[in-house]
Amino acid sequence: MSSLLARAVRTGIRSPLSSRLHQPMAAIRFQSTEAKAAATATEEYDVVIVGGGIAGSALACALASNKASSTLKIALIEAFDLSNHIKWSPRPDQYSNRVSSLTPKSVSFLKKIGVWSELDSSRVAACEGMQVWDGVSGARITFDATDVDGVQSSFLHQVFSGNIPTPPGVNNSTNQENLDGSKEASPLAWMTENLHVQYGLQKQLVGHQARGVKLDVFEKTKVQGITTEQGESAQPQGDWPAVQLDNGKTLVTRLLVGADGVNSPVRSFAKIESLGWDYSQFGLVGTLQIDPSTSTAPGQGKGIAWQRFLPTGPIAMLPLNNGYASLVWSTTPKIAQDLKKLPARDFCALVNAAFSASPAELEYLYKNIGPNGEPLVDFLKEIEWRTSVHDQEASQTMIRGGSSSQGDAKPPRVVDVQENSRAPFPLRMRNSSSYVEDRVVLVGDAAHTVHPLAGQGLNQGLADVECLARVIETSLLSGSDIGNIHSLTPYSSERFLPNLAMLGTVDKLSKLYNTDFGPVVWARSLGLTAVDKMGPIKNEIMRFAMGLEEPSKRS
Amino acid sequence: MSARIFTRTNPSVLKQCLTRTGATPSLARSAVPCASLFTFRSPLEAPTGKLYEGHIPISPLQRTILAVGSAFTALANPLRGDMVAALGETTSGIFLNRIRDQMLQDPEGRRILRERPVITSETMQLDTLRQLPDGTFGREYVRFLDDQQVSPDTREPVHYVDSEELAYVMQRYRETHDFYHTLTGLPVTVDGEIALKWFEMAQTGLPMTMLSSFFGPLRLSSEERERLFNVYVPWALENGSTGKLLMNVRWEEWMEKPVEDVQRELGVRPCPEV
Ligand SMILES: Cc1cc2nc3c(=O)[nH]c(=O)nc-3n(C[C@H](O)[C@H](O)[C@H](O)COP(=O)(O)OP(=O)(O)OC[C@H]3O[C@@H](n4cnc5c(N)ncnc54)[C@H](O)[C@@H]3O)c2cc1C
């Protein structure tokens with residue numbers, strides 16, 4: 001790291017980019033290939049993005065859609081097939097198991113880069129409310145869009161200049177109506193499939209290519225190695241990173257972007273340390289079919305995200321449209337594997353129980369999943385019995401004049417799980433010791449990975465991308481070298497602390513709820529109940545989670 | 001000494017306990033009309049409806065007064081069954097929960113919770129048990145009842161537990177107490193009961209068992225105390241923690257087995273030196 005820094009100081013800022021920009025890049029490329037002979041096909045770029053996940057693709061899109069950066073020569077390298085995403089034409093009764101919640105901030109960014117309007121509104125679900133509760137004590141906090149004071153009338157107006165996110169295809173006049181009169185507020189978040197966002201991104205990228213943006217997409221291509229072009233110091237690009245692809249090509253680049261996920265090869269190349277730990281948890285995802293009429297929440301629970309913290313990890317059900325929902329169930333690796341194999345009928349019963357039964361009741365059921373996923377007891381009968389005990393006690397409590405838990409809304413019943421949609425993902429928390437080096441920058445999961453309990457990972461990545469695109473634009477406009485560490489520092493100083501704060505908060509939440517130890521449960525329940533009753537604090541939390549405000553800026 | 005723990009109902013439990021405990025005169029005075037706490041809906045919002053037969057809904061403040069009062073009475077006399085019972089009920093919310101959770105992990109425990117069997121002289125058919133051969137669990141159990149001149153029907157009903165299922169757990173806990181004596185061979189004496197409390201504490205962690213196991217010894221002679229701590233307590237801790245949780249035992253179905261077999265299967269050695 002220090003050697004890279006030293007080199008940065010030694011080499012200083014190169015020939016002003018503005019002049020280089022007017023110089024056709026092809027000429028340089030031509031020179032370069034000529035000099036190196038045909039044996040190694042070396043090409044030169046301004047920006048090479050490794051990783052065509054959502055973060056990498058969004059960065060390519062942001063750079064291409066911005067006037068100043070649209071003249072850059074950009075490469076996007078992805079190991080998997082990207083063109084497949086454009087052909088994505090899902091059946092209305094099928095949902096991919098990877099669904100993310102997009103905060104208003106992320107949606108506003110996706111609008112800005114033209115992606116949001118590419119999306120199919122029938123496959124984007126507005127999340128209007130959240131019900132989060134403690135599976136041990138029952139303490140609950142509810143959020144709904146109308147809780148965020150002033151968000152619609154002033155805050156969003158200020159921040160987004162009236163640019164309140166609307167689902168794609170919904171015309172703005174409807175939204176305007178909401179703003180002016182009715183109580184309906186901007187949703188807390190939008191749920192959609194990661195594939196769907198990818199579809200929009202790839203469509204935009206193809207559009208940019210057609211417009212003549214110098215954007216090369218290398219799909220089904222793996223990065224095999226990255227080196228610094230040493231020993232050719234006579235060449236201006238002497239210490240630029242050189243990316244070796246498995247198709248034999250080498251790309252030399254002024255700025256190398258690592259958008260290559262949690263095991264980032266770019267991060268290893270830059271010798272940036274990544275600190276953190278693996279939770280001994282897996283997140284089991286799946287697509288659920290629900291019966292909305294069974295929810296006791298207003299409006300049959302439409303647009304409500306449900307999350308219950310169990311001692312083994314949180315279980316969350318995120319709303320999709322048309323009676324579908326997406327599941328993220330964080331639990332122990334063993335239970336996650338067992339849940340994946342359980343027959344659909346028993347699995348659904350267990351998901352329903354996980355939203356209502358006590359941890360001890362669930363534990364008994366987990367224990368009774370056989371080695372091949374077969375239930376060793378009659379799950380339906382066991383769950384039915386426990387439900388009847390709870391219902392009986394609840395109805396008696398009601399007769400007695402009620403207790404606080406009586407008003408708690410129930411999530412809809414899960415009636416089916418889409419075939420082959422259950423998949424476990426290991427959960428980790430990572431943060432890179434730095435996001436930038438000379439000529440190297442990290443975005444998205446390559447820079448930081450977070451527990452999915454707050455649904456923030458992808459949103460953080462998009463915030464990184466938005467910031468980086470802005471920082472690159474500023475460098476270009478001021479004529480500085482976009483790859484120079486000094487040009488990149490503003491990105492790092494803007495993103496590092498907020499990401500760290502989010503990681504820390506989510507990590508602490510995960511640890512706080514990962515126990516059923518009495519005093520901890522008592523304290524956290526007291527805290528949760530208190531927060532639920534305190535409007536201002538709740539607002540702060542929601543703004544933070546919606547990407548409207550970052551805590552580091554407040555202190 | 002044949003006084004029994006968990007014996008008879010005393011209707012003016014609270015009043016008595018509060019006035020008897022000289023240690024809390026002001027509390028006692030302020031709570032003299034305390035019986036009325038149960039009959040009038042106080043500003044403290046004592047809930048009104050009953051969850052089960054015998055249920056006495058009480059408010060948190062009433063619960064605290066009752067707990068403190070019964071604690072002092074129980075300490076003063078660990079053989080005051082009603083007070084020990086009231087203390088157990090008022091303080092045992094989360095601990096009963098824990099026992100219920102332990103029962104839910106066990107197929108037998110679940111069967112008990114599901115079927116909620118009740119132990120009375122009728123359900124146990126004591127006369128039939130008397131016909132069993134000597135040394136069987138059932139024969140020794142009735143012998144114990146007859147010696148103590150008690151019957152399963154003379155037990156303190158559950159009043160203050162605010163959950164139907166937990167009230168049943170508490171009731172079952174009381175109803176099966178006599179089987180513990182048959183299983184361990186411990187007598188109904190102060191030190192015998194204290195030893196059983198230690199045993200139960202090792203098994204369940206109920207606070208009332210803790211309280212009386214810590215303070216009970218104050219009332220023993222030095223000889224009794226020595227035996228308690230050198231023999232009974234080590235035995236209780238070892239056997240209580242390694243044996244099967246006795247709340248998960250369907251005692252009713254074990255009556256014909258020899259006592260030794262029952263002890264072996266449940267992993268409980270008889271208490272030495274009794
Ligand atoms: C169970 C679960 C639920 C989640 N839910 C949410 C949610 O609700 N909201 C939210 O905001 N976030 C959520 N996340 C987090 C979110 O999915 C990630 O943060 C996000 O997908 C990361 O995007 P990325 O583009 O940074 O990285 P990735 O999606 O990991 O993309 C990295 C890309 O780099 C490519 N690559 C890697 N190495 C090479 C190489 N050598 N050569 C070529 N290509 C390479 C990979 O093929 C991959 O496509 C969730 C995560 C999990 C596990």
Side-chain angles (χ1 to χ4, degrees), chain A residues 134-139 310-312 335 350 353-354 356-369 375-406 515-523 525-526, chain B residues 38 41-60 62-63 91-116 158 160-170 172 204-207 210 245 247-248:
Chain A
D134 189 326
V136 180
S137 72
L310 297 167
T312 41
I335 296 174
L350 194 48
S356 59
S358 75
E361 287 162 350
L362 294 171
E363 204 180 302
Y364 176 75
L365 297 170
Y366 304 147
K367 277 197 309 202
N368 280 292
I369 303 177
L376 302 177
V377 294
D378 187 338
F379 270 37
L380 271 64
K381 234 176 84 191
E382 296 295 330
I383 292 170
E384 196 185 316
W385 165 49
R386 293 314 300 167
T387 310
S388 71
V389 172
H390 293 306
D391 287 352
Q392 171 85 358
E393 293 204 338
S395 68
Q396 280 169 330
T397 314
M398 199 119 90
I399 295 164
R400 290 177 56 212
S403 83
S404 62
S405 68
Q406 267 319 294
T515 178
D516 56 2
F517 179 58
V520 176
V521 173
W522 181 74
S525 305
L526 216 67
Chain B
F38 297 142
R41 197 175 169 96
S42 80
L44 303 167
E45 283 296 321
T48 47
K50 281 189 177 191
L51 287 184
Y52 48 87
E53 194 48 47
H55 180 214
I56 302 178
I58 53 178
S59 79
Q62 294 164 350
R63 184 172 295 278
T91 56
S92 60
I94 54 170
F95 294 89
L96 280 179
N97 248 312
R98 195 154 86 200
I99 294 182
R100 189 238 325 252
D101 287 354
Q102 288 167 339
M103 293 177 76
L104 282 172
Q105 298 312 310
D106 185 273
E108 283 294 283
R110 290 176 83 88
R111 196 158 64 93
I112 293 169
L113 285 175
R114 196 185 305 235
E115 296 168 7
R116 296 192 184 169
V158 178
Y160 309 116
V161 176
D162 283 340
S163 147
E164 203 186 20
E165 189 173 58
L166 293 186
Y168 172 74
V169 172
M170 188 53 135
R172 175 80 185 170
T204 64
L206 264 172
M210 280 193 237
L245 186 73
M247 282 300 284
N248 289 335

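Within every chain, numbering begins at 1; the chains are lettered A, B, ... in the order of the sequence lines, protein sequences first and strands thereafter.
A:Q392 CD to B:E165 CD: the interatomic distance, rounded to the nearest 0.5 Å, is 10.5 Å.
Listed in order of number, the residues of residues 358-366 of chain A that approach chain B to under 4.5 Å between heavy atoms are A:S358, A:A360, A:E361, A:E363, A:Y364.
In terms of heavy-atom pairs under 4.5 Å with chain A, the best-connected choice from B:D106, B:L104, B:D101 is B:L104.
For B:R110, the parts sitting under 4.5 Å from any heavy atom of chain A are the backbone and the side chain alike.
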